[in-house]
Amino acid sequence: MKLLSVLLLLLVPLLTSCLPLDCSDIFKQDNNRPSGVYTIYPMGGVSGVQVFCDMDSHGGQWTVFQRRMDGSVNFYRPWDQYKMGFGNAAGEYWLGLESLFHLTQLKKNELLVDMEDFEGRKVFARYSSFSITPESDGYGLNVNGFINGGAGDTLSRHDGQKFTTFDRYKHGSEENCARHSLGAFWYWRCYYANPNGVYVWGADGSSYKIGVVWNSWKGESYSLKSISMKIRPVQ
């Protein structure tokens, strides 16, 4: 019995070190893995979370931390749910700010934002550096190195902002942008990016400033059909 305990103590660190931290680790284990749902361990062996791994776009290995595609999940949620995550990795979901923080501390990451409108046009925005600060600093956004894939540079305006939900915000103005825009994000003056806003159809007249918005591409009155935000370690 004592020998078994000793063996387990020796094996646990080895097993933990083999667990994938992100989708790039899964790719390295088998570079023929298709895009799909996998379990990663950004906070160690007891913190397994499901994510969608994009193994196709721009060389693959992307860990998707946000995805909108059909309006099946309500994204107007409080701080604690954005901290821990919600939704379904096979569909719409938010990975969780705490997991995202650990992912961006373990390795230097780049960001890819893919999006599509209701006319079938697809574009992207890419950033060579992406990370967030700890909860004690409001999960503040650090992003730079914009590369244009047709979407325009909306996110750079949000650099340095704290994350905001309807029940918690740390912003210079009195206005809570999460309440105003019916979403949650690293808001800057509310209207530039709102990927976690209300899912409505394009420019249908009801989406002004509350829809799934990427301002530099379709403007603040157009709600996108789909958007996903994903990171991978800098190669």
Side-chain angles (χ1 to χ4, degrees), residues 18-42 48-73 75 85-97 99-104 106-132 141 143-156 185 193-196 199 202 212-214 216-218 222-235:
C18 295
L19 295 174
L21 297 173
D22 56 23
C23 293
S24 71
D25 284 347
I26 292 171
F27 180 86
K28 290 171 185 174
Q29 291 172 2
D30 180 358
N31 59 18
N32 291 314
R33 293 275 183 91
S35 294
V37 176
Y38 296 89
T39 301
I40 61 171
Y41 299 84
V49 291
Q50 287 196 318
V51 297
F52 189 88
C53 293
D54 178 353
M55 301 299 195
D56 299 306
S57 302
H58 304 277
Q61 307 183 51
W62 298 97
T63 301
V64 178
F65 68 85
Q66 183 267 8
R67 186 162 68 161
R68 309 295 301 280
M69 56 196 295
D70 55 19
S72 60
V73 173
F75 274 68
F86 57 84
N88 186 337
E92 293 195 333
Y93 76 103
W94 176 265
L95 173 60
L97 289 163
S99 290
L100 184 60
F101 164 68
H102 283 276
L103 284 172
T104 63
L106 292 167
K107 304 174 183 178
K108 182 179 179 182
N109 283 270
E110 59 180 324
L111 171 72
L112 176 66
V113 187
D114 283 325
M115 59 199 86
E116 181 182 3
D117 65 16
F118 281 94
E119 291 68 51
R121 292 186 288 267
K122 297 180 180 181
V123 296
F124 68 88
R126 192 168 170 179
Y127 298 84
S128 62
S129 178
F130 173 88
S131 66
I132 65 171
L141 176 66
V143 63
N144 58 62
F146 171 66
I147 302 167
N148 196 5
D153 182 14
T154 284
L155 198 59
S156 289
F185 201 60
N194 194 32
N196 298 326
Y199 192 90
V212 181
V213 170
W214 190 267
S216 58
W217 183 33
K218 304 293 291 188
Y222 189 99
S223 185
L224 300 173
K225 179 181 179 181
S226 68
I227 186 168
S228 61
M229 305 181 74
K230 56 199 79 173
I231 58 173
R232 74 176 177 192
V234 175
Q235 304 299 309

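All of these numbers come straight from a predicted model, not from anything done at the bench.
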Return the set of residues passing side-chain contact (heavy atoms from CB on, under 4.5 Å) with Thr154 (not counting sequence neighbours), or none when no residue passes.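 Thr154 satisfies side-chain contact (heavy atoms from CB on, under 4.5 Å) with His158, Tyr192, Ala193, Trp214, Asn215, Ser216 once adjacent residues are dropped.
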Going from [atom1] on [X] to [atom2] on [Y], what distance comes out if it is rounded to the nearest 0.5 angstrom?
{"X": "Lys230", "Y": "Phe65", "atom1": "NZ", "atom2": "CZ", "answer": "10.5 Å"}
{"X": "Lys225", "Y": "Met115", "atom1": "NZ", "atom2": "CE", "answer": "15.0 Å"}
{"X": "Leu112", "Y": "Ser228", "atom1": "CG", "atom2": "OG", "answer": "7.0 Å"}
{"X": "Ser131", "Y": "Leu111", "atom1": "OG", "atom2": "CG", "answer": "11.0 Å"}
{"X": "Leu103", "Y": "Ser24", "atom1": "CG", "atom2": "OG", "answer": "9.5 Å"}

Would a 4.5 Å heavy-atom cut-off, applied to side chains only, mark [X] and [Y] as touching?
{"X": "Thr104", "Y": "Phe130", "value": "yes"}
{"X": "Asn144", "Y": "Ser128", "value": "yes"}
{"X": "Gln66", "Y": "Asn196", "value": "yes"}
{"X": "Glu116", "Y": "Leu224", "value": "no"}
{"X": "Leu100", "Y": "Ile231", "value": "yes"}
{"X": "Tyr93", "Y": "Val64", "value": "yes"}
{"X": "Val49", "Y": "Leu95", "value": "yes"}

Please find the pair of heavy atoms, one from [X] and one from [Y], that lie closest to each other, and give the distance.
{"X": "Asp56", "Y": "Ser35", "answer": "OD2-OG, 2.7 Å"}
{"X": "Gly150", "Y": "Asn148", "answer": "N-OD1, 2.8 Å"}
{"X": "Leu106", "Y": "Pro42", "answer": "CD1-O, 3.5 Å"}
{"X": "Ile26", "Y": "Cys53", "answer": "CD1-SG, 4.1 Å"}
{"X": "Val212", "Y": "Ile227", "answer": "CG1-CG2, 3.7 Å"}
{"X": "Ala125", "Y": "Phe146", "answer": "CB-CE1, 3.9 Å"}

With [X], which residues qualify under side-chain hydrogen bond (donor to acceptor under 3.5 Å, both in side chains), at least two apart?
{"X": "Glu92", "result": "none"}
{"X": "Asn32", "result": "none"}
{"X": "Ser129", "result": "none"}
{"X": "Ser57", "result": "Asp54"}

Under a 3.5 Å distance rule, please check whether [X] uses its side chain to pair with a backbone N or O of [Y] as donor and acceptor.
{"X": "Tyr199", "Y": "Phe75", "value": "no"}
{"X": "Thr63", "Y": "Cys23", "value": "yes"}
{"X": "Arg232", "Y": "Gly60", "value": "yes"}
{"X": "Tyr127", "Y": "Leu155", "value": "yes"}

Parallel, tilted or perpendicular for His58 and Phe124, by the 30°/60° rule?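 Taking Phe124 first and then His58, their aromatic rings stand perpendicular (interplane angle over 60°).
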For Tyr41, give me all partners under ring-ring contact (aromatic ring centres under 6.0 Å, His included), at least two apart in sequence or on another chain.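 Tyr41 satisfies ring-ring contact (aromatic ring centres under 6.0 Å, His included) with no other residue.
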Quick one: ring-ring contact (aromatic ring centres under 6.0 Å, His included) partners of Phe52, sequence neighbours excluded?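 Counting only residues at least two positions away or on another chain, Phe52 forms no ring-ring contact (aromatic ring centres under 6.0 Å, His included).
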The criterion is salt bridge (charged side-chain N to carboxylate O under 4.0 Å, His left out); which residues satisfy it with [X], sequence neighbours excluded?
{"X": "Arg67", "value": "none"}
{"X": "Lys107", "value": "Asp22, Asp25"}
{"X": "Asp117", "value": "Arg121, Lys218"}
{"X": "Asp30", "value": "Arg33"}

Hey, could you give me each pair passing salt bridge (charged side-chain N to carboxylate O under 4.0 Å, His left out) that has a residue in residues 145-156? Not counting sequence neighbours.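 Pairs touching residues 145-156 that pass the test: none.
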